[in-house]
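In the text below, chain A, chain B and the rest are named by the order of the sequence lines, each starting its count at 1. Just so it is clear, the values below take in all heavy atoms, side chains as well, and ignore hydrogens, waters and symmetry mates.
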2 protein chains.
Amino acid sequence: MTLRHAVLAALLDEERSGYQLAKAFDLGVANFWYAKPQQLYAELARLEQGGLISGREVVQTGRPNKRLFTVTGAGLAELEKFTAAAAKPSVLRDDLMVKVQAAGRVDTGTLIAQLTERIGFAEAKVELFERLLRTMRGDRTEEEFLRDGSPIGPYLTCLRGLAFERGNVEWCERAVAVLRARRDQDEAASRSSLPEGDDHR
Amino acid sequence: MTLRHAVLAALLDEERSGYQLAKAFDLGVANFWYAKPQQLYAELARLEQGGLISGREVVQTGRPNKRLFTVTGAGLAELEKFTAAAAKPSVLRDDLMVKVQAAGRVDTGTLIAQLTERIGFAEAKVELFERLLRTMRGDRTEEEFLRDGSPIGPYLTCLRGLAFERGNVEWCERAVAVLRARRDQDEAASRSSLPEGDDHR
DNA sequence: AGGCCCATGTAATCTGTTACATGATTCC
DNA sequence: GGAATCATGTAACAGATTACATGGGCCT
C-alpha cells in the first residue's frame, strides 16, 4: 500500500486534481511512481475519507469542474511515519528483460526491433526529464539548485529517472549491437558450411 | 500475465525446480524479474497443466524429492508469441523514490539513513552481478563472450542489472551528499539568526 | 464529422502479497 | 539445541489492470 504515500508525496508541493495526478503518474512522465487514473481516483477518495488530504471544488467555465487536493497535517504525519519505516527493495519487472533473457531461443530480428523501439521511448523520456529539470532550476545551475533550490525532492527523483533512462538507452544499444553481430556471424557460418536451415541458437 | 513468460525464459537454458526458480526470482539475485516462491509454485502448476512445461520427479536421498521442469515446444511457441507482442514500458515502483520525493517536508536524518542503507544493498548486488558475469564467461573476456558465448540472454540481462545497481549507488550517494549539505546550511543559518525552531523547508 | 483533451468515476477480473503449514537434514 | 537449507504447497486478502461509462469543448 504505497500508492497512498506516493500520492501524498505528489501533493506536497502543490495542490492537484485527480486528472493532473493521473498525468503525472502515467508512463511518459512518471519520474518516481506509476499508476493508472482509476487507481488514483480511488486512492484520492480513500485518502480524503481518512482525512489525510482535503479537496476543494474549483468551478471552471468551458470545461468540467475539478477538485484540487492538499495534504493535511494527518497526511504529513502519515508520510513521516512511512519515511521512517524500512523500505522494501525495489522490484524489477520489465517485459523487455524477459524477452532478452530468452535471446538465442526466440527470433533475433523481433528482439532487435523491440530493443530499437525501447531506445526511442527511453530517449524521449531522457529529453522530457532534461526539460523538466531545466524548468525546475530556472536560471540557476544544477549545483546552485541542489545547494538551496526548492522543492528539492522532485528534482532528485527526476535526476534518478534521467539516469535510469540513459542507462536504458545505453544497454539497449549495446544489446542490439551484440545481437546483430551474432546474427551476422551465424548467417555467414551457415552459408559457408551447411546451406540447409541451421538455426542459430 | 508476464510471470508466465518470465518462468518460461528462466527454464530455457536448463531445467530447474520450483525451489531453484524461487531463489533465482528472489531479491538479491533477480536480474530480470522478481516473484515470491508461492507465486512460482502456482505458476508452475498452471504452466504444466497447460502443457507449456513438463516436469519430471527427481528422487533424492537425504533431502526432499524435487520436480525439474523443462519448456515444451508449445512453451517455446508461447514465448515466441510473447516476444513479438508489444512490450509495455517498465513500471517504476520504489518506496525510496517516494520518500525522496517528500524531501524537505519529512525528517532529513531518516531519509539519509534510508539512502545509506540502500547504498549497502545496491553495492552487494553490484558485487553479486559481477561475480555472476565472471562465472558465466569463465576464462573469456567480456567481448569474447558477447561475440559467441552462450547462453547470451542471461548475460545481457545481468549486465542491465549491474548497470541499474551502479546507478542506484551513484544516485543515492549524490542524494545523501546534497541532503547533508542542505541540512548543515540550514542549521548554520538558524543558529546565526533565529535560535528559535525555524524548520528547514 | 471525427478525434483528442479535460474530468471523474464504477465494476469485474486478474495479479501479487501475507500468513499459514509441513518435515527431514545439515551446519554452528 | 537452534537456525538455515531444501522442498512444496494452500487460503485469505490486498493491490492493480481492464473494460465500461459519461459529457462538454476545441481543433481540423
Chemist: Begin from the C-alpha positions of A:R56 and A:E15 and carry the test side chain to side chain contact (heavy atoms under 4.5 Å, CB included) through to its verdict.
Modeler: CA-CA 10 Å; A:R56 64 181 185 92; A:E15 54 179 10; 2.6 Å; yes
Chemist: Has A:E143 got more than 12 heavy atoms of other residues, nucleotides or ligands less than 6.0 Å from its CD?
Modeler: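 Not buried by this count: 12 neighbours or fewer within 6.0 Å.
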Chemist: Should we say atom CZ of A:R137 is surrounded by more than 12 heavy atoms from elsewhere, each under 6.0 Å from it?
Modeler: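 For A:R137, atom CZ is crowded (more than 12 foreign heavy atoms under 6.0 Å).
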Chemist: Taking only residues two or more places apart in sequence or in another chain, which ones pass ring-ring contact (aromatic ring centres under 6.0 Å, His included) with B:Y19?
Modeler: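 ring-ring contact (aromatic ring centres under 6.0 Å, His included) check on B:Y19 returns nothing, list empty.
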Chemist: Please list, chain by chain and in numerical order, all residues satisfying salt bridge (Lys or Arg N to Asp or Glu O under 4.0 Å) with A:R46, sequence neighbours excluded.
Modeler: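 Expected list: A:E43.
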Chemist: Which donor-acceptor pairs under 3.5 Å do the side chains of residues 88-98 of chain A make with protein atoms, sequence neighbours left out?
Modeler:
| residue | atom | partner | partner atom | Å |
| --- | --- | --- | --- | --- |
| A:R93 | NE | B:Y34 | O | 3.3 |
| A:R93 | NH2 | B:Y34 | O | 3.1 |
| A:D94 | OD1 | A:L96 | N | 2.9 |
| A:D94 | OD1 | A:R118 | NH2 | 3.2 |
| A:D94 | OD2 | A:R118 | NH1 | 3.0 |

Chemist: Identify each atom pair where a protein N or O and an N or O of nucleotides 21-27 of chain C are less than 3.5 Å apart, giving names and distance.
Modeler:
| residue | atom | partner | partner atom | Å |
| --- | --- | --- | --- | --- |
| C:dT25 | O4' | B:G62 | O | 3.4 |

Chemist: For B:E130, what residues pass the salt bridge (Lys or Arg N to Asp or Glu O under 4.0 Å) criterion, not counting sequence neighbours?
Modeler: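 B:E130: salt bridge (Lys or Arg N to Asp or Glu O under 4.0 Å) contacts with B:R166.
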Chemist: In residues 19-32 of chain B, which residues come under 4.0 Å of DNA chain D by heavy atom?
Modeler: B:Y19, B:K23
Chemist: Run B:L8 and B:F82 through side chain to side chain contact (heavy atoms under 4.5 Å, CB included) and show every step you take.
Modeler: CA-CA 11 Å; B:L8 288 172; B:F82 168 71; over 6 Å; no
Chemist: Sequence neighbours excluded, which residues qualify as ring-ring contact (aromatic ring centres under 6.0 Å, His included) partners of B:F129?
Modeler: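 With sequence neighbours excluded, B:F129 shows a ring-ring contact (aromatic ring centres under 6.0 Å, His included) to no residue whatsoever.
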Chemist: Going 5' to 3' along nucleotides 10-19 of chain C, which nucleotides have protein heavy atoms under 4.0 Å from the base (write B), which only from the sugar-phosphate (write S), and which from neither (write -)?
Modeler: B----SSBBB
Chemist: What does the inter-axis angle of the helix from C:dA1-D:dT28 to C:dC28-D:dG1 come out as, five pairs per end, nearest 10 degrees?
Modeler: 50°
Chemist: Report the C-alpha distance between A:E78 and A:H5 in whole Å, list the side-chain angles of each, state the deciding distance to 0.1 Å, and finish with yes or no for side chain to side chain contact (heavy atoms under 4.5 Å, CB included).
Modeler: CA-CA 8 Å; A:E78 172 65 28; A:H5 305 106; 2.9 Å; yes
Chemist: Go through the structure and list residues passing ring-ring contact (aromatic ring centres under 6.0 Å, His included) with B:F145, not counting sequence neighbours.
Modeler: B:Y155
Chemist: Would you sort out whether B:L146 and A:R182 count as a side chain to side chain contact (heavy atoms under 4.5 Å, CB included), showing the intermediate values?
Modeler: CA-CA 8 Å; B:L146 289 174; A:R182 291 168 70 101; 5.7 Å; no
Chemist: Between C:dT8 atom C1' and A:E57 atom CD, what is the distance in whole Å?
Modeler: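 About 11 Å, once rounded to whole Å.
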Chemist: Just jot down the ring-ring contact (aromatic ring centres under 6.0 Å, His included) partners of B:F32, sequence neighbours excluded, or say none.
Modeler: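 Checked B:F32 against ring-ring contact (aromatic ring centres under 6.0 Å, His included); matches are B:F25.
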Chemist: Please identify the 5'-most and 3'-most nucleotides of DNA chain D with any atom under 4.0 angstrom from a heavy atom of chain B.
Modeler: D:dT5 to D:dT18
Chemist: Can you establish whether the number of heavy atoms outside B:Y41 located under 6.0 Å from its atom OH is more than 12?
Modeler: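 Yes, the 6.0 Å shell around OH holds more than 12 heavy atoms from other groups.
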Chemist: Let me know which of A:E14, A:Q20, A:E57 forms a side chain to side chain contact (heavy atoms under 4.5 Å, CB included) with A:L68.
Modeler: A:Q20
